[in-house]
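Every value quoted in this text rests on a predicted model; they were computed, and no experiment measured them. We name chains A, B, ... by the order of the sequence lines, and we start the count at 1 in each one.
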2 protein chains.
Amino acid sequence: MKRATAQNVAIEAGVSKWTVIRAFTPGASITEASKAKVLEAAERLNYRPNLLARSLATNSTHQVAVLVDDFANPHKLPFLEKLTASLQAEGLVTMLININQHYSHVHAILNADQRQVDAIVLFGTAFRDEMLTDHKLGRGGPPMFVLARDSQIEGVPAISCDATVAIAEIGKYLLKKGYRRPGFMAGARTLSTALGRRRNFKEFWRTTLGVELVEMSAERYSAEAGAQAARDYLSQVAPEDRIDVLMCENDALAFGAMDVVRSEFGLRVPNDLAIVGFDNAAPAASPAYGLTTYEQPTDQMVNAAIDMILERAPRETVNFQGKLVVRDSA
Amino acid sequence: MKRATAQNVAIEAGVSKWTVIRAFTPGASITEASKAKVLEAAERLNYRPNLLARSLATNSTHQVAVLVDDFANPHKLPFLEKLTASLQAEGLVTMLININQHYSHVHAILNADQRQVDAIVLFGTAFRDEMLTDHKLGRGGPPMFVLARDSQIEGVPAISCDATVAIAEIGKYLLKKGYRRPGFMAGARTLSTALGRRRNFKEFWRTTLGVELVEMSAERYSAEAGAQAARDYLSQVAPEDRIDVLMCENDALAFGAMDVVRSEFGLRVPNDLAIVGFDNAAPAASPAYGLTTYEQPTDQMVNAAIDMILERAPRETVNFQGKLVVRDSA
DNA sequence: TGCACGTTTGCTACCGGTAGCAAAATGTAT
DNA sequence: ATACATTTTGCTACCGGTAGCAAACGTGCA
């Protein structure tokens with residue numbers, strides 16, 4: 001059975017299709033009598049307005065594309081939950097796009113654009129700035145926002161957690177606790193804009209203690225990659241030369257690193273090697289990890305993003321302050 | 001700057017808009033000469049076909065709504081990754097809908113329907129069957145599928161992991177290992193269709209050993225809820241009366257339970273109490289948990305779902321076999 | 001009863017594509 | 001050069017709504 005259209009309902013109710021439309025338009029000029037008549041006919045035919053047609057005519061889809069490329073990070077899930085819930089509360093729907101080897105940012109943005117989404121949110125994805133500036137993907141297309149990550153790009157505001165403040169807070173805490181030989185584990189081949197945390201951390205130790213940061217890199221942002229990077233480091237460096245605290249770019253890396261540190265090298269955390277993460281993902285709170293980490297104000301960030309999408313707030317980069325969550329690992 | 005339309009390009013290229021359309025339709029009848037002319041003009045105007053208009057005309061959006069209600073389960077993330085990637089590989093796009101207190105299945109299905117999605121996937125969501133049968137949401141709307149969960153509903157095929165086989169395999173393993181006093185932790189107020197695992201597990205022990213299953217229920221499917229349920233049980237039952245193995249309906253519950261068992265009650269896993277989960281979520285593999293669990297064939301399930309959506313396979317309930325993943329916890 | 005005014009209803013034009021037929025252009029055989 | 005087949009192009013009608021104007025309707029008041 002084909003879907004009923006406003007025209008079908010109009011005939012059923014004995015009115016014109018415009019009257020039918022009005023019955024479904026809040027605040028439209030229509031008498032109670034004909035509204036009732038129309039709604040009854042609509043009920044009989046199981047009519048529901050076609051939002052595709054509406055979107056075409058009104059030039060607004062109430063759809064927001066959300067690009068994600070980092071499904072190995074458990075922190076993404078609750079963040080995504082909050083984001084979708086808040087979008088839905090505003091009548092917006094989420095188009096989730098998985099950025100991977102077979103589906104690039106360019107693919108995704110082009111597709112989202114052609115589907116006339118109201119906004120595109122780059123949710124913590126890794127990309128080269130040129131990608132956005134080169135491809136003239138910008139002009140005429142939907143507004144874009146970078147969420148949970150920095151952005152240097154003109155016209156693409158970022159909604160993120162202030163890395164400078166966060167790293168300073170972590171650094172001060174570690175300093176106070178007496179750690180003196182810091183290491184940092186970055187994920188992936190760190191793209192320019194993703195270097196914030198590392199650069200700030202490095203700078204912190206250099207200016208406060210004049211100490212040089214030991215750096216290591218994981219292949220990706222995942223527990224396995226973090227485990228491998230930690231394994232590489234620990235097996236190459238003599239015990240007496242080891243760092244005494246390892247800051248990981250995110251919790252996923254930290255979990256993998258902690259696993260290796262404890263079960264493969266028999267080291268105690270934090271006594272032999274302290275570990276700090278970033279994100280406060282769910283397992284961090286478990287006694288199995290007890291990871292000291294940094295929590296981003298996800299609610300605030302999501303709200304800010306939505307305010308910008310709906311133009312209730314100026315579309316410009318904003319930074320929020322998170323908070324250090326101290327547990328046993330450092 | 002407004003978006004260019006086919007009509008604009010037509011004028012720019014000195015042809016009719018239908019010729020422009022043909023230049024963008026693979027296999028359409030058009031000479032190389034005019035195609036080149038059109039593409040060049042299109043490039044100049046930065047033209048991209050409007051997929052909304054196309055969808056309206058062709059009655060097919062290439063959008064699939066995916067309903068999720070269980071963001072506390074870390075297993076959802078890699079599953080979702082696979083699902084979105086595979087859909088995208090087929091040219092389909094994911095509309096992610098978060099089912100929660102403020103946004104019910106009825107909301108979601110109605111909205112997805114009005115947006116003319118090509119299919120609706122209920123991805124492991126908890127609902128009462130009446131919801132689908134009552135609300136006549138079915139008739140005329142997009143085809144619906146239940147993924148990673150059972151479904152008894154006429155006309156709504158399920159793509160899931162065979163609970164009977166899975167539970168039998170787990171049961172046999174536990175029996176062989178010598179466990180004799182089994183417990184089961186269910187999540188949420190278990191809805192009729194979600195009872196499969198529990199019922200099968202209960203039946204297994206009854207028929208093999210004549211032993212009665214100890215049952216407990218968590219408030220939700222999350223580590224915290226699992227922790228609380230385990231806490232309640234352990235603090236109410238005398239040590240000598242305790243179960244010797246606890247099967248949890250999913251890994252999230254198992255993680256919480258294991259945390260409490262070990263750190264709050266000082267019990268050793270598996271010696272004092274063995275624990276088994278279901279899903280093989282990422283942390284299960286970590287030495288911090290080493291959880292014995294059951295892995296669903298997510299790839300097969302996703303592929304099967306997509307084959308049904310695209311009508312490459314008959315739209316009928318299918319069950320796949322997973323595999324037991326033995327680790328240290330049992 | 002007639003007129004002015006506000007409300008309700010119907011209308012045309014449009015959003016940006018697609019389907020499929022008819023006309024025009026091109027190619028081939030005689 | 002002509003007849004005919006084939007390819008290419010342009011056209012009308014349509015997908016299912018929205019915007020905003022114009023006509024029809026109803027009511028109050030002189």
Side-chain angles (χ1 to χ4, degrees), chain A residues 1-39 41-42 45-63 111 113-118 140-142, chain B residues 1-39 41-42 45-63 111 113-118 140-142:
Chain A
M1 178 183 45
K2 259 186 119 299
R3 279 190 169 83
T5 72
Q7 183 61 261
N8 302 141
V9 176
I11 293 168
E12 175 81 11
V15 295
S16 72
K17 77 165 184 173
W18 297 278
T19 301
V20 173
I21 299 288
R22 286 188 182 99
F24 284 89
T25 309
S29 164
I30 185 174
T31 57
E32 277 309 315
S34 36
K35 183 164 182 173
K37 198 165 55 178
V38 168
L39 290 182
L45 300 183
N46 200 22
Y47 168 75
R48 299 275 156 198
N50 181 330
L51 295 187
L52 221 52
R54 174 177 299 173
S55 294
L56 181 61
T58 58
N59 198 31
S60 136
T61 54
H62 296 276
Q63 279 200 286
N111 192 248
D113 175 34
Q114 288 189 253
R115 288 180 188 273
Q116 321 291 115
V117 298
D118 289 354
Chain B
M1 181 184 41
K2 258 186 123 298
R3 277 189 170 84
T5 71
Q7 183 60 252
N8 302 142
V9 177
I11 293 168
E12 176 81 10
V15 295
S16 71
K17 77 167 184 171
W18 297 277
T19 302
V20 173
I21 299 288
R22 286 189 182 98
F24 284 90
T25 310
S29 163
I30 185 174
T31 57
E32 279 307 315
S34 36
K35 184 165 181 173
K37 198 166 53 179
V38 168
L39 291 182
L45 300 183
N46 200 21
Y47 168 76
R48 299 276 156 198
N50 180 330
L51 295 186
L52 221 52
R54 174 178 297 172
S55 293
L56 181 61
T58 58
N59 200 30
S60 137
T61 53
H62 297 274
Q63 278 200 285
N111 192 248
D113 175 34
Q114 289 189 252
R115 288 182 188 273
Q116 321 292 112
V117 299
D118 289 353

Side chains of B/Asp118 and B/Pro142, heavy atoms from C-beta outward: is any pair under 4.5 Å?
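The answer is no, as the side chains (C-beta and beyond) never meet within the 4.5 Å cut-off.
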
Which is more 5' along DNA chain D, the nucleotide nearest A/Thr58 or the one nearest B/Ala53? Just name the residue.
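This one resolves to B/Ala53.
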
Excluding sequence neighbours, so at least two apart, what forms side-chain contact (heavy atoms from CB on, under 4.5 Å) with [X]?
{"X": "B/Asn8", "result": "B/Ala4, B/Thr5, B/Leu45"}
{"X": "B/Arg54", "result": "B/Pro49, B/Leu51, B/Thr58"}
{"X": "A/Leu52", "result": "A/Asn50, B/Leu52, B/Ser55, B/Thr61, B/Gln116"}

So which protein N/O to nucleotides 22-26 of chain D N/O distances come out below 3.5 Å?
none

Residues from residues 17-24 of chain A sitting under 4.0 Å of DNA chain D, heavy atoms only?
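Correct list: A/Lys17, A/Trp18, A/Ile21, A/Arg22.
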
Strand contacts (DNA chain C) in residues 26-34 of chain B, 4.0 angstrom heavy-atom criterion
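Result for residues 26-34 of chain B: none.
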
Just report the end-to-end axis angle for the helix from C/dT1-D/dA30 to C/dT30-D/dA1, five pairs per end, to 10 degrees.
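Comparing the first five pairs with the last five, the axes sit 50° apart.
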
Heavy-atom pair of closest approach, residues A/Glu12 and A/Ala41
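So the minimum-distance heavy-atom pair works out to CG-CB, 3.5 Å.
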
Distance-only donor-acceptor hits, side chain of residues 27-35 of chain B, under 3.5 Å, sequence neighbours excluded:
{"from": "B/Thr31", "atom 1": "OG1", "to": "B/Ser34", "atom 2": "N", "distance (Å)": "3.3"}
{"from": "B/Thr31", "atom 1": "OG1", "to": "B/Ser34", "atom 2": "OG", "distance (Å)": "2.6"}
{"from": "B/Ser34", "atom 1": "OG", "to": "B/Thr31", "atom 2": "O", "distance (Å)": "3.4"}

Extract, from 5' to 3' on DNA chain C, the first and final nucleotides lying under 4.0 angstrom from some heavy atom of chain B.
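Footprint of chain B along DNA chain C, 5' to 3': C/dG16 to C/dG20.
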
Expected list for residues 15-25 of chain B: side-chain donor-acceptor pairs under 3.5 angstrom, two or more places apart:
{"from": "B/Ser16", "atom 1": "OG", "to": "B/Thr19", "atom 2": "OG1", "distance (Å)": "3.4"}
{"from": "B/Thr25", "atom 1": "OG1", "to": "B/Ile21", "atom 2": "O", "distance (Å)": "2.8"}

